[in-house]
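Each remark here refers to the structure printed beneath this line.
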Amino acid sequence: MESTGSSGRLWELQFERSSTPGGAFAALTDSALRSAELQVPGSLAAAVVKWPVELAQDDSWRMESVLSKYENQITIFTDYLEEFPDTDELVWILGKQHLLKTEKSKLLSDISARLWFTYRRKFSPIGGTGPSSDAGWGCMLRCGQMMLAQALICRHLGRDWNWEKQKEQPKEYQRILQCFLDRKDCCYSIHQMAQMGVGEGKSIGEWFGPNTVAQVLKKLALFDEWNSLAVYVSMDNTVVIEDIKKMCCILPLSADTAGESPPSSLNASNRSKSTSAGWPAWKPLLLIVPLRLGINQINPVYVDAFKECFKMPQSLGALGGKPNNAYYFIGFLGDELIFLDPHTTQTFVDTEENGTVDDQTFHCLQSPQRMNILNLDPSVALEILKENLRMFELVQKHPSHWPPFIPPAKPEVTTTGAEFIDSTEQLEEFDLEEDFEILSV
């Protein structure tokens, strides 16, 4: 067992309360290490990450019973700094800047307003017989949920919307939150994402990379009629404007409408109205750019361009982290990235009798963690669009040597999206797309 020292490393074991009086240790930190001796497996990675994944791939589905013996979540803090320093530097969070010295409370409020999705346990088994917890393998899926949830908040509530504890929220907020509950009938649930991953060559319970999550979200969005998102995932570090227009533009159904202007935004109510009136309506675009910014670590030449992405008002952050440890990056301070960490196991939360969701566990009220940008794995997925960056190429026309671009379409099935994905055999209707970045997993 390793304790805090010159390396700044801390092992923290968080135990679930037992049914016996008094329960188990609530937490074991460096102070407790002096008076307790714990037996820790020789390889924590094997115990925490690879072991449950191997069980899932072995198709034995004993994961839940095994995890019940280890109802602890081992969190490793290495090079992660929680408290903000006393500095005059600006902090950038998803396109908004905060002066740390005078606006710290405003900064923390902005961060806590982001929806925070973590490992959960005791939800209904995935696929009926699969795991009922995603602890150890679902971190990248949770980061994908956080990124998409931020996109939906910007779409329906605006970037300046803020969340306050115990305060009644708009109905759109509750509807967004319900899209991500851990139930098979919620369009972006862990159930839907894990089962759609089968079409990407990932077994249920297997760790995803950032590009795989992007492909899964692109396909699930086809079943989401309320938000009507066009999700574009770039290929070969190239964003093609022509292809994006094909995805986003909804052609009119009738003659011209002289003197009238198309709606500035598209929703379920005005979508049919605008197309029937002759306007070329537009779907909101979620642009995801999978990148590899180095071989084994990020090349320093990309650091400034990467940080610049968080300054854009349209920014939704980045998915990445380290192999088998995913984080949702939402901003930066100096050369340190600020991120939300999904590696906390919480109990499944469902809707209440009045149809609302108790959202207290869906917002992180602690100071966010930070890591040096050079410690980031070079495989990341950015949600950006800016022409003067050189991390990827922006072109007007579809490259002639590429296969023809066909906008993704919802498969012709007679069931709902949830029922459709409940049968992995029908996933053959989707083309299997391999990852096009090298993942160090």
Side-chain angles (χ1 to χ4, degrees), residues 4 8-10 12 14 27 29-31 75-118 142-143 145-147 149-151 153-154 157-170 173 176-177 303-304 306-321 326-344 346 359-376 382-384:
T4 54
R9 178 169 296 194
L10 169 68
E12 177 176 308
Q14 296 177 339
T29 58
D30 59 330
S31 60
T75 308
I76 305 173
F77 297 98
T78 308
D79 303 322
Y80 301 153
L81 309 173
E82 295 190 4
E83 292 300 325
F84 284 108
D86 185 13
T87 176
D88 292 327
E89 288 189 83
L90 287 173
V91 179
W92 285 91
I93 301 294
L94 300 176
K96 294 183 69 174
Q97 64 178 10
H98 302 274
L99 186 59
L100 184 57
K101 201 156 194 173
T102 59
E103 300 177 331
K104 186 174 181 179
S105 60
K106 184 179 178 182
L107 165 65
L108 295 177
S109 176
D110 188 21
I111 294 173
S112 66
R114 305 312 114 213
L115 281 173
W116 179 48
F117 297 117
T118 70
R142 297 300 185 179
C143 291
Q145 288 180 326
M146 286 189 269
M147 178 271 296
Q150 178 60 24
I153 285 176
C154 289
L157 303 176
R159 175 61 182 88
D160 293 330
W161 169 83
N162 212 350
W163 175 84
E164 293 183 30
K165 190 175 181 180
Q166 303 294 347
K167 180 181 178 181
E168 184 177 356
Q169 301 297 336
Y173 166 80
I176 291 170
L177 186 55
V303 168
D304 289 339
F306 187 73
K307 289 161 54 177
E308 199 70 23
C309 299
F310 295 100
K311 296 181 180 181
M312 300 177 58
Q314 303 91 342
S315 174
L316 297 174
L319 308 180
Y327 306 109
Y328 175 41
F329 296 94
I330 58 174
F332 72 93
L333 167 63
D335 285 334
E336 295 171 352
L337 295 176
I338 300 170
F339 63 92
L340 296 179
D341 187 355
H343 299 90
T344 296
Q346 303 185 92
D359 65 350
Q360 301 305 302
T361 62
F362 291 98
H363 293 271
C364 184
L365 302 180
Q366 301 174 347
S367 295
Q369 297 184 42
R370 310 192 311 279
M371 67 182 291
N372 190 287
I373 191 171
L374 294 179
N375 292 335
L376 178 68
L382 292 174
E383 292 71 52
I384 53 176

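As the structure is a prediction and not an experimental result, all values here were calculated from the model.
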Rounded to the nearest 0.5 Å, how far does CG of L90 lie from CG of L99? 6.0 Å
Close side-chain approach of Y327 and L376, heavy atoms under 4.5 Å: no
Could you tell me whether the side chain of Q166 reaches within less than 4.5 Å of the side chain of Q360, counting heavy atoms only? yes
What closest approach, in Å, do L108 and P368 show between heavy atoms, and which atom pair accounts for it? CD2-CD, 4.0 Å
Closest heavy-atom pair and its distance - L365, S112: CD2-CB, 4.1 Å
Side chain to side chain, Q150 and I330, heavy atoms closer than 4.5 Å: no
Please check if the number of heavy atoms outside E168 that lie under 6.0 Å from its CD is greater than 12. no
Give the minimum heavy-atom separation between Y328 and C143, together with the two atoms involved. N-SG, 3.5 Å
For the backbone of A326 and the side chain of R142, can you confirm whether one donor and one acceptor N or O come within less than 3.5 Å of each other? no
All heavy atoms of W163 vs all of A113, minimum pair found to be N-CB, 3.7 Å
Reported CG-to-CD1 distance for the pair L157 and I176, which is rounded to 0.5 angstrom: 5.0 Å
For G95, is there any backbone N or O sitting under 3.5 Å from a side-chain donor or acceptor partner on S315? no
If you count heavy atoms of other groups shown closer than 6.0 angstrom to NZ of K101, is the number above 12? yes
Answer yes or no: is there a donor N or O on one side and an acceptor on the other, between the side chain of Q346 and the main chain of T361, under 3.5 Å? yes
Kindly indicate, with the supporting measurements, whether the criterion side chain to side chain contact (heavy atoms under 4.5 Å, CB included) is fulfilled by Q314 and R159. CA-CA 9 Å; Q314 303 91 342; R159 175 61 182 88; over 6 Å; no
Does K307 use its side chain to pair, donor to acceptor, with the backbone of G334 at less than 3.5 Å? yes
For N162 and S109, work out which heavy atoms get closest and say how close. ND2-OG, 2.9 Å
In the structure I gave you, are the side-chain heavy atoms of D359 and Y173 within less than 4.5 Å of one another anywhere? yes
Side chain proximity check, E336 to V91, heavy atoms < 4.5 angstrom: no
Output the distance between atom CG (L316) and atom CZ (F329), rounded to the nearest 0.5 Å. 15.5 Å
Between H363 and L115, is there a side-chain heavy-atom distance shorter than 4.5 Å? yes
Taking every heavy atom of F117 against every heavy atom of P342, the minimum-distance pair comes out as O-CB, 3.5 Å
Between T344 and T118 (side chain of the first, backbone of the second, donor and acceptor by atom type, cut-off under 3.5 Å), is there such a pair? no
Applying side chain to side chain contact (heavy atoms under 4.5 Å, CB included), run through M146 and F339 and close with a yes or a no. CA-CA 11 Å; M146 286 189 269; F339 63 92; over 6 Å; no
Interatomic distance, CZ@F310 vs CD1@I93, rounded to 0.5 Å, equals 9.0 Å
So L340 and I111, do their side chains get closer than 4.5 Å, heavy atoms only? yes
Side chain to side chain contact (heavy atoms under 4.5 Å, CB included) assessment of Q169 paired with L177: CA-CA 11 Å; Q169 301 297 336; L177 186 55; over 6 Å; no
Value for CG (L107) from OG (S367), rounded to nearest 0.5 Å, stands at 9.0 Å
Measure the CG-CD1 distance between L337 and I373 for me, rounded to the nearest 0.5 Å. 4.5 Å
Determine whether K311 and F332 satisfy the following criterion, side chain to side chain contact (heavy atoms under 4.5 Å, CB included), listing intermediate values before the conclusion. CA-CA 9 Å; K311 296 181 180 181; F332 72 93; 3.7 Å; yes
